[in-house]
Q: 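I have a structure here, written as structure tokens, and I will follow up with some questions on it.
Remember, it's a predicted structure, so these values are computed and weren't measured experimentally. In what follows, chains carry the letters A, B, and so on, assigned in the order in which the sequence lines appear, proteins first and then strands, with residues in each chain numbered from 1.
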Amino acid sequence: MLELNLIRREPEKVKAGLRKRNWKEEDLAIVDRILALDEERRQLQTRLDGMLAESNRISKEIGQLFRQGKREEAEARKAQVSTLKEEIKELQARKAEVEARLEELLLSVPNVPHPSVPAGSTDADNEICKDWTGPLPELPQGARPHWELAQQYGIFDLELGARLTGAGFPVFRGQGARLERALINFFLDEARAAGYEEIQPPLLVNADTARGTGQLPDKEGQMYHVEKDDLYLIPTAEVPITNIYRGEIIPEEQLPIKMAGYTPCFRREAGSYGAHVRGLNRVHQFDKVEIVQIAHPDHSYEVLDEMLAHVSGLLDKLELPYRIVRLCGGDLGFTSALTYDFEVWSAAQQRWLEVSSVSNFETYQSNRMKLRFRGKDKKTRLAHTLNGSALALARIVAALLENNQTPEGIRIPSVLVPYTGFERISTNR
RNA sequence: GGAGAGAUGGCCGAGUGGUCUAAGGCGCACGCCUGGAAAGCGUGUACUCCGGGAGAACCGGGGUCGCGGGUUCGAAUCCCGCUCUCUCCGCCA
């Protein structure tokens, strides 16, 4: 949720941001409607405060009159307050109504994109910031996509998952399961070495938490909902981890706060189908290590760069070709100010797969969460929140399988060998 | 799932209808004292909204004692609902 102050001070900047997100001119009027409602709200508040002050004053007098034994005067004042009270009730109702409408409008305004966000409407307009300049893997004759390799080596089984649960729930087996676990441990160890506190959050969250990071109300359809308990399966560890500090006021010297966690992630992904979602390319449940930082507003873009470097380091160590893409206005998430995607080369599919998304939300999430810090000047300010995948497992596995296939089996990058306990995946395990 | 107790400021804790503008203590900050420190003494110490103001200074007002309603001229205090915590019982990896 955007800060009302920003809309009040710089409505044109907000409108320019919406234009970058390809909003139609006539829809920009929402900014003016917000400003009008805010003005109305403040006027109501001023009037209401005056009446409440009056009522408080008279009530105090009544107390004094009673103690002095002046019953009749006290009774007269009572009647006076009674009429005041009716007006107060009416004003309160109007104020609540105005506030509810204001809130609703505010929730429907996305974050203002960072100046560096390129114009554009689809992923074709995204800007490649760092392309892969090295050689792409050369595959042997008869190279196969990862879903075929999975069958050949018994790494994971989607048909089995479909029988147990439904489409999009892979069952990892044998060396495949061990590879998953190795990657998780590798990513967590790397995060810890980079100063992130390891978190094991709940996998189900309540509506307040889902609202804090912006999954509700706008991405409701993305999440699995447990109706009986009104809980949501997390689509990413970002949701519970960022909310750890919801409503907190953090001493400035504790910033930045760095947290990392491994969780399975659950996404409904309704309506997707076809060849580009085969295998592990898009599934309903996948493993991911997420890194989260809560940063000082003056330094959040340095933090973003640091997170990009961290993710780059992971991919370097895994020896995977990758490129970094800056999302354009049309592709940018609702709550994000700036997002970089990491894409790894999937040699058999001959395409780039998104394996990480690193974003700065500035105060968009923290405003909704009331996540603040206390500066050296004793004032409270909203902190900036950032997060990134480091990394999303399913597609990393897909790329590793395809890029490292040899006639003797699938080579494990040397950095992972201490974690897997084997150097190659082969039929004879 | 059943029974009971509770939720007050950064923390502990008092407070059963008006003087609560929330006692007292701890902690923290600043000052005095000291060669320096401790002790002692003094002062201060929540968040938020609205208005005034050039003002993130300051002044005035509103709201917040778990959350939401209600009773009352007036609620931390009385009533109803909810959430959470603790104790006991049941179930359980």
Q: By nearest nucleotide on RNA chain B, pick out whichever of A:Lys78 and A:Arg42 is the more 5' one.
A: A:Arg42
Q: Would you mind pulling out the nucleotide paired to B:G40, Watson-Crick or G-U wobble, both distances under 3.5 Å?
A: B:C32
Q: Any side-chain N or O of A:Arg47 less than 4.0 Å from the OP1 or OP2 oxygen of B:G62?
A: no
Q: Does B:G63 have its OP1 or OP2 closer than 4.0 Å to a side-chain nitrogen or oxygen of A:Asn56?
A: yes
Q: Could you measure between the two C1' atoms, the one in B:C89 and the one in B:C79, and give it in whole Å?
A: 30 Å
Q: Indicate yes or no: does A:Arg57 engage A:Glu54 in a salt bridge with an N to O separation below 4.0 Å.
A: yes
Q: Counting only side-chain heavy atoms from C-beta out, which of B:C73, B:C49, B:G62 sits nearest to A:Ser59?
A: B:C73
Q: Rounding to the closest angstrom, what is the interatomic distance between B:G4 and B:G61 at atom P?
A: 46 Å
Q: Is A:Arg374 near enough to B:C47 that one of its side-chain N or O atoms lies under 4.0 angstrom from OP1 or OP2?
A: yes
Q: Whole angstrom is fine here: how far is it from NZ in A:Lys89 over to C1' in B:G70?
A: 9 Å
Q: Measure all distances between protein nitrogen or oxygen atoms and nitrogen or oxygen atoms of nucleotides 55-57 of chain B, and list the pairs falling under 3.5 Å.
A:
{"unit_1": "B:A57", "atom_1": "OP1", "unit_2": "A:Lys379", "atom_2": "NZ", "d": "3.3"}

Q: May I ask you to check whether A:Asn387 and A:Glu238 show a side-chain donor-acceptor distance below 3.5 Å?
A: yes
Q: I need the single residue from A:Asp298, A:Thr363, A:Leu255 that forms a side-chain contact (heavy atoms from CB on, under 4.5 Å) with A:His384. Which is it?
A: A:Thr363
Q: Between A:Gln43 (CD) and B:G52 (P), how many Å, whole number?
A: 11 Å
Q: Suppose we define a pair by two distances each less than 3.5 Å, Watson-Crick or G-U wobble; what does B:C91 pair with here?
A: none
Q: For B:A46, give the paired nucleotide (Watson-Crick: N1-N3 plus N6-O4 or O6-N4; G-U: N1-O2 and O6-N3; both under 3.5 Å), or none.
A: B:U64
Q: What interatomic distance, in whole Å, is found between C1' of B:G6 and the corresponding atom of B:G74?
A: 27 Å
Q: Output the rounded distance in Å from CG (A:Leu4) to C1' (B:C49).
A: 12 Å
Q: Between B:G74 and A:Lys85, is there an OP1 or OP2 to side-chain N/O distance shorter than 4.0 Å?
A: yes
Q: Please state the C1' separation for the pair B:U19 and B:G70 - nearest whole angstrom.
A: 27 Å
Q: Looking across every strand, which nucleic acid part, if any, lies under 4.0 Å from A:Leu52 by heavy atom: base, sugar-phosphate, or nothing?
A: sugar-phosphate
Q: With a 3.5 angstrom cut-off on both distances, give the Watson-Crick or G-U wobble partner of B:U71, or none if there isn't one.
A: none
Q: With nearest nucleotides of RNA chain B determined for A:Leu48 and A:Ser55 from heavy-atom distances, which residue corresponds to the more 5′ nucleotide?
A: A:Leu48
Q: Given the C1' atoms of B:U71 and B:U87, what is the spacing between them in whole Å?
A: 33 Å
Q: A:Asp305: what forms a side chain to side chain contact (heavy atoms under 4.5 Å, CB included) with it, not counting sequence neighbours?
A: A:Leu308
Q: On a whole-Å scale, what distance lies between the P atoms belonging to B:G68 and B:G9?
A: 15 Å
Q: Which one is paired to B:C86, where only Watson-Crick or G-U wobble pairs with both distances under 3.5 angstrom count?
A: B:G4
Q: If B:U16 has a Watson-Crick or G-U wobble mate with both distances under 3.5 Å, name it; if not, just say none.
A: none
Q: If we call it a pair only when both distances are under 3.5 Å in a Watson-Crick or G-U wobble match, what pairs with B:C58?
A: B:G52
Q: Mind listing the side-chain donor-acceptor pairs of residues 259-267 of chain A below 3.5 Å, one per line with the distance, residues two or more places apart or on another chain?
A:
{"unit_1": "A:Tyr262", "atom_1": "OH", "unit_2": "A:Asp287", "atom_2": "OD1", "d": "2.8"}
{"unit_1": "A:Arg267", "atom_1": "NE", "unit_2": "A:Pro235", "atom_2": "O", "d": "2.9"}
{"unit_1": "A:Arg267", "atom_1": "NH2", "unit_2": "A:Pro235", "atom_2": "O", "d": "3.0"}

Q: Write down the partner of B:G10 under the Watson-Crick or G-U wobble criteria, each distance required to be under 3.5 Å.
A: B:C26
Q: Among side-chain atoms of A:Arg278 and A:Asn281, is any donor-acceptor pair under 3.5 angstrom?
A: no
Q: Do A:Gln365 and A:Thr213 meet the criterion of a side-chain donor-acceptor pair at a distance under 3.5 Å?
A: no
Q: For atom P, what is the distance between B:A22 and B:G62, given to the nearest Å?
A: 14 Å
Q: Counting the benzene-type ring for Trp, do A:His310 and A:Tyr196 have ring centres under 6.0 Å apart?
A: yes
Q: What is the distance, to the nearest angstrom, from the CG atom on A:Leu382 to the P atom on B:C47?
A: 14 Å
Q: Quick one: is B:G61 close enough that its OP1 or OP2 comes under 4.0 Å of any side-chain N or O from A:Arg57?
A: no
Q: Do NZ/NE/NH1/NH2 and the carboxylate oxygens of A:Glu253 and A:Arg374 come within less than 4.0 Å?
A: no
Q: Suppose you measure atom P in B:A46 against the same atom in B:C33; what distance do you get, rounded to whole Å?
A: 28 Å
Q: Rounded to whole Å, how long is the line connecting atom CD of A:Glu54 with atom C1' of B:C50?
A: 17 Å
Q: If you only use heavy atoms from C-beta on, which nucleotide in B:G61, B:C73, B:C49 is closest to the side chain of A:Ile62?
A: B:C73
Q: So does A:Asp49 reach the base of B:G61 with its side chain, donor to acceptor, closer than 3.5 Å?
A: yes
Q: Mind calculating the distance between CD1 (A:Ile250) and P (B:C47) to the nearest angstrom?
A: 15 Å
Q: Atom CD1 of A:Ile88 and atom C1' of B:G61: how far apart are they, to the nearest Å?
A: 13 Å
Q: Would you please say whether a donor-acceptor pair under 3.5 Å links the side chains of A:Arg372 and A:Ser366?
A: no
Q: Rounding to an integer number of Å, can you tell me how far A:Glu39 CD sits from B:C49 C1'?
A: 15 Å
